[in-house]
Protein chains: 2
Amino acid sequence: MRLVVARCQVDYAGRLSAHLPMATRVLMIKADGSVLVHSDGGSYKPLNWMSPPCKVTEGVTEDGQVEWLVTSRASGKGPADTLRILLEEIHSDSEHDLGIDPGLQKDGVEKHLQELLADHPASLGTGLTLVRREFPTPIGPVDLMCRDANGESVAVEIKRRGEIDGVEQLTRYLELLNRDPLLTAKGAVRGIFAAQEIKPQAKVLATDRGIQCVTVDYDALRGMDDPTERLF
Amino acid sequence: MRLVVARCQVDYAGRLSAHLPMATRVLMIKADGSVLVHSDGGSYKPLNWMSPPCKVTEGVTEDGQVEWLVTSRASGKGPADTLRILLEEIHSDSEHDLGIDPGLQKDGVEKHLQELLADHPASLGTGLTLVRREFPTPIGPVDLMCRDANGESVAVEIKRRGEIDGVEQLTRYLELLNRDPLLTAKGAVRGIFAAQEIKPQAKVLATDRGIQCVTVDYDALRGMDDPTERLF
DNA sequence: CTATTCATTTCGTGC
DNA sequence: GCACGAAGTGAATAG
């Protein structure tokens with residue numbers, strides 16, 4: 001990774017034409033040749049950039065200014081994109097060996113939702129209390145097993161996006177759970193299908209099978225915990 | 001703008017939870033407080049970031065490591081986002097005054113399309129030749145004035161996206177142009193509505209008024225020129 | 001493999 | 001100021 005701070009002018013020709021007047025900016029050249037032109041504001045998006053794979057050719061103009069010509073190696077289809085950077089004054093130029101990044105771990109929303117709902121089962125329905133998370137069945141664990149105010153068992157399936165297969169899954173669980181006399185002592189085990197967003201098809205299928213759908217407000221749930229506690 | 005190259009670990013909690021294991025990365029802190037965590041690959045998108053407005057608090061952990069806590073000043077709605085960066089080893093740390101950026105100039109596709117079509121009028125219709133660009137009328141210039149193989153005049157209106165108002169515009173031009181005996185000597189001036197993409201409504205209106213619609217292949221047109229010539 | 005959907009989307013535009 | 005659509009969208013997921 002090469003980092004250059006310089007007064008520069010940028011011209012891009014590709015899907016569109018764009019021009020950046022002469023000003024001081026940060027230029028980031030990544031190991032794959034991709035180039036990012038950042039200013040001191042805006043969002044994470046650079047003012048201009050060139051996506052990999054591409055190649056940077058460093059040259060000098062007639063009047064002695066440094067010029068970078070970045071060309072994308074677009075394979076075949078259409079003319080190649082070009083990014084031309086004219087460097088008037090270089091304030092800083094450094095090279096850094098970063099190595100290969102292990103990459104981002106997204107601690108899935110589904111898992112996090114399960115934790116939050118396990119802490120606040122009543123948000124799925126008044127009077128609900130948690131029996132246990134990952135309640136085992138012969139075909140896999142049910143996300144949450146709860147009990148309602150009447151002592152009836154409630155199996156909860158949690159998804160980020162509720163689709164048909166999630167309803168099918170919960171249906172299979174319910175089928176098995178309802179064979180257990182211990183769970184059905186106070187009445188049949190009923191199901192709750194909880195998700196941030198439930199697709200209409202899934203809602204229809206669930207309703208048809210007597211499964212209750214609950215749309216979960218992730219933000220509101222998170223708000224019940226102290227934000228600083230949520231790190232790690 | 002502050003640039004830091006450091007071995008670091010990043011934890012984010014906001015709309016989702018995410019974690020970046022310890023590795024060497026580039027940290028960019030912009031003047032508005034926004035923070036970007038970049039690795040040496042991927043696209044222009046950082047591995048993780050915090051959008052402005054936000055605040056960076058630098059602290060030290062129990063074991064003497066530098067810790068940055070970036071918090072968004074999300075006004076009211078929901079819990080604030082937090083980005084925690086633990087710095088194990090700092091390779092470089094520099095501050096740069098970039099000033100205010102004049103910003104990106106998108107030299108509209110429309111203008112570029114006009115230049116390209118002026119160079120290749122036959123791509124709008126066989127036998128078409130250019131009379132002149134920006135052909136003047138009392139209510140403004142027509143993008144292109146052409147002549148077809150029969151010597152008839154053809155007025156061309158160019159848009160990036162063809163919508164109803166563009167058709168209206170061309171209609172007004174045609175109305176005026178058809179009062180000019182010089183232009184109508186070989187027959188009435190006809191219109192061509194050219195755009196990268198033409199909305200169905202605009203297509204219906206144009207057809208109704210006897211205006212021909214041409215969907216322009218921007219990439220193909222650009223390919224007719226030498227890509228290196230297209231800068232500036 | 002392609003096609004569709006999602007995004008910590010960001011960014012502009014019209015109302 | 002807010003709702004809606006486009007993006008040089010890119011990335012993940014379904015089919």
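Per chain, numbering begins at 1; letters A, B, ... match sequence-line order. Only heavy atoms go into these numbers, but all of them, side chains included; no hydrogens, no water, no symmetry mates.
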Shorter than 3.5 Å, N or O on both sides, protein versus nucleotides 9-14 of chain C: list them out with atom names.
residue, atom, partner, partner atom, Å
C:dT9, OP1, B:R15, NH1, 2.3
C:dT9, OP1, B:R15, NH2, 3.4
C:dT9, OP2, B:R15, NH1, 3.2
C:dT10, OP1, B:S51, OG, 3.2
C:dT10, O3', A:S43, OG, 2.9
C:dC11, OP1, A:S43, OG, 2.8
C:dC11, OP2, A:S43, OG, 3.4

- Give, for atom OG1 of A:T57 and atom CH2 of A:W68, the distance between the pair rounded to the nearest 0.5 Å.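 So the gap between those two atoms works out to 11.5 Å.
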- Could you grab the distance from atom CG of B:L20 to atom CG of A:L104, nearest 0.5 Å is fine?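 The CG atom of A:L104 is 5.0 Å from CG of B:L20, to the nearest 0.5 Å.
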Between [X] ([atom1]) and [N] ([atom2]), how many Å, whole number?
X	N	atom1	atom2	answer
A:L104	D:dA11	CG	C1'	12 Å
B:L16	C:dC6	CG	P	15 Å
A:R160	C:dC6	CZ	C1'	7 Å
A:Q105	D:dA12	CD	P	14 Å
A:D81	D:dG10	CG	P	10 Å

- Query: Ion pair present between B:R7 and B:E89, side-chain N to carboxylate O less than 4.0 angstrom?
  - Reply: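 The answer is no: the pair does not qualify as a salt bridge.
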Answer yes or no: is there a donor N or O on one side and an acceptor on the other, between the side chain of [X] and the main chain of [Y], under 3.5 Å?
X	Y	value
A:T61	A:Q65	yes
A:S17	A:A13	no
A:D40	B:A31	yes

- Message: Students often get this wrong, so: under 4.0 angstrom with heavy atoms, is B:M50 touching a base, only sugar-phosphate, or nothing?
- Response: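 Nothing: the residue B:M50, judged by heavy atoms under 4.0 Å, touches no strand.
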